[in-house]
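The chains referred to below are lettered A, B, ... by the order of the sequence lines, with proteins before strands, and numbering in each begins at 1.
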Amino acid sequence: MGKGISFGQFYPGESFLHKMDPRIKIILAIAYIVTVFLCQTFYSYLAIFLFLISLILVSQVPLKSVLKSIKGILYLVLLTAVINILFFKEGRVLLNFWIVTITLDGLFFSAKMALRLIFLVMGTTLVTLTTTPMSLTDGMESLMSPLKAVKFPVHDVAIIMNIALRFIPSLMEEIDKIMMAQKARGAAFDTGGLIARAKALLPVLIPLFVSAFRRADELALALDARCYNATDKRTKMKVLKIGYRDLIGSLAMAAVMAGIILMRVFLTGV
Amino acid sequence: MKGIIELNEVSFDYKSVDQTTVGVKNISLSIKEGDFVALIGHNGSGKSTLAKLFNGFLIPDTGDVIVKGMNTKEKKNTFEIRKKVGMVFQTPDNQMVASIIEDDIAFGAENLGVPREEIIRRVEWALSAVDMLEYKKHTPFKLSGGQKQRIAIAAILAMMPEVLILDESTAMLDPEGRKEVLEVVKKLNKEHNMTVVLITHYMEEAIDADEVYIMNEGEIVDFGKPEEVFKDYKKLNSVKLEVPIVSQVIALLQKDGYPIKNCLKVEELAEEICRLR
């Protein structure tokens, strides 16, 4: 692990993408999502694909780590693809038996949907891979700061996100310990049917909740001891700064977006 | 001389719907600036309650707690008092807010609105005071208990307190971790003139204290210099405390008429015994 962060998806590095401002990365991620939704033809999907590949190369994150993110949505992608193929009735019919009709347009459409989902997840994963959870919440806090005008507790929300991230590994450790303790008393977690297994988890969850509440108690005291909310004029040790990388990144994203829009307007075909 | 923390006939009860539990009753004491004070008692003796009265976490039912001339009862003093009186708790894991050590250390100073350059200076200082500077950019997860607790101390130090309260901060640690933490605390007391209040049930940890308070059932049953207090081992045993072996031996020898001076360390006792004919 080195000096790395043991949780979340962050992949430690010093690349161009790592050094970009988290706020800009969040905004660009949103722009990216919009751009992907604007894609209509396979040419534009190809453009996005090339853009994505170059981003991954720039980020210096191994392709394996990026691809891992798709694993989670693989079933979703397959399911939507199958449903799309089966229910798309327009266009040239390729196959027709019983109640199943498969059309060429249906195949194209479902392929595009699958690509859309995959590109969306890969692109946004790149943000979490190149940004520490801490600076991600910092960025969100900064982006949400206009909401302070309507008395929205922006900083509190940021602290909550931060603490949630901070406690994930602690709670994982706790689960491990409790499971081990219950196993030592003869609990079986990996035998029996679905219901039996779910039931077996109950003696794990209850101690976990109890200990989480106890932790919360002490954490609340510790926050108070460190003068949380002492002043409205809270300062920050790490100040976010927008640099030339953010400008270049924004320009690149803008170019891709413009290209996709132009393709949408002028390019016809599949 | 007026103490940095003054308690005047302070009582506090825990009240819930159907019952009242005594926290502490009728306690008066004064902690002098730069002192190393140990509060000792078994579980439920009221020592943690007393500590929480020191920094205004709890407000006394009767009596007053005065920190540097400020009464904890007045709301406007709350943050000023907490800034002066820092508190470290039992479980190091539950006191950390951020996932990177330097961010966690900075948290307290950020809350106080300290300017950025000053925060950076304080983080460096606090981490070197607990001897953990090299871990600045690390995550706390892989550290030992003693190291984590030192980080928790540094996190409090970054607020520049004048009093450091350790509420059973050594209870969850292994002997090695306990030693580390105590060494850091003693160093802070000696080199930075930090007033330290150490709450513990290990009497050995109180050996180097300037003053010891023994608590039982919410009351102070004895106080004074450790070598004086530890002599009365029967009384201490009666409040479920185990007296360090050195003090027990001295008490027994003195009872049999041997002219042995009070001391607390094994080496000193050995010297004393050798001096006997």
Side-chain angles (χ1 to χ4, degrees), chain A residues 1-8 10 12 14 132-138 141 155-156 158-174 177 211-241, chain B residues 48 51-52 55-58 78-123 134-142 152 155-156 158-159 161 165 167:
Chain A
M1 193 181 68
K3 69 171 194 178
I5 279 72
S6 65
F7 63 94
F10 181 64
E14 297 276 314
T132 61
M134 188 80 184
S135 59
L136 210 55
T137 50
D138 264 1
E141 182 183 354
H155 177 63
D156 294 308
I159 276 286
I160 291 169
M161 289 197 286
N162 223 330
I163 288 173
L165 288 168
R166 144 80 189 82
F167 273 89
I168 289 170
S170 298
L171 290 179
M172 296 289 246
E173 211 173 289
E174 190 96 29
K177 252 189 239 165
S211 99
F213 280 118
R214 203 170 295 145
R215 273 174 195 279
D217 246 8
E218 203 172 9
L219 181 67
L221 278 180
L223 283 178
D224 271 342
R226 289 211 256 161
C227 295
Y228 181 61
N229 267 347
T231 164
D232 293 334
K233 296 183 207 76
R234 201 173 183 279
T235 44
K236 286 218 153 266
M237 179 173 70
K238 288 179 181 160
V239 182
L240 300 176
K241 254 203 258 141
Chain B
S48 282
K52 289 192 176 94
N55 72 345
F57 273 160
L58 300 174
T78 308
F79 286 120
E80 205 48 46
I81 288 171
R82 288 199 187 142
K83 201 164 97 183
K84 294 268 182 291
V85 184
M87 197 160 180
V88 180
F89 299 88
Q90 195 172 35
T91 330
D93 268 327
N94 299 350
Q95 300 172 58
M96 288 180 190
V97 189
S99 2
I100 291 175
I101 285 170
E102 63 171 346
D103 293 334
D104 190 63
I105 309 288
F107 182 72
E110 288 178 337
N111 285 336
L112 293 171
V114 174
R116 188 170 163 258
E117 293 73 31
E118 173 69 14
I119 295 180
I120 293 168
R121 254 200 308 280
R122 285 187 185 192
V123 169
E134 61 202 291
Y135 294 94
K136 196 173 151 189
K137 305 264 181 203
H138 287 222
T139 94
F141 307 121
K142 294 279 161 181
I156 293 297
M159 300 196 308
I165 301 178
D167 187 1

query = Which answer fits B:Ala155, side chain, backbone, both or neither, if we ask what part of it has an atom under 4.5 Å from a heavy atom of chain A?
reply = both
Considering all heavy atoms, the nearest B:Phe79-A:Cys227 contact = O-SG, 3.9 Å
key: Engaged part of A:Ile159 at the chain B interface, taking heavy atoms whose separation is under 4.5 Å   = side chain
Side-chain heavy atoms of B:Ile119 within contact of A:Met237, under 4.5 Å = yes
remark   = If one checks every heavy atom of B:Glu118 against chain A at 4.5 Å, the contacting part turns out to be neither
message = Please give me the minimum heavy-atom distance between A:Thr231 and B:Gly113, naming the atom from each residue.
response = CG2-N, 3.8 Å
message = When you compare the side chains of A:Arg226 and B:Asn111, does any donor N or O come within less than 3.5 Å of an acceptor on the partner?
response = no
remark   = Between B:Phe57 and A:Asp224, the two heavy atoms sitting closest are CE2-CB, 3.4 Å
Distance-minimising heavy-atom pair for A:Ala225 and B:Ile156 = O-CD1, 4.5 Å
key: Any donor-acceptor N/O pair, A:Thr235 side chain to B:Val114 backbone, under 3.5 Å   = yes
Contacting region of B:Val123 [heavy-atom separation from chain A under 4.5 Å] = side chain
task = Could you grab the distance from atom CG of B:Asp93 to atom CD of A:Glu218, nearest 0.5 Å is fine?
result = 9.5 Å
Shortest non-hydrogen contact from A:Arg234 toward B:Glu110 = CG-O, 3.1 Å
inquiry  = Need one label for B:Glu117: side chain, backbone, both or neither, based on atoms under 4.5 Å from any heavy atom in chain A.
reply    = neither
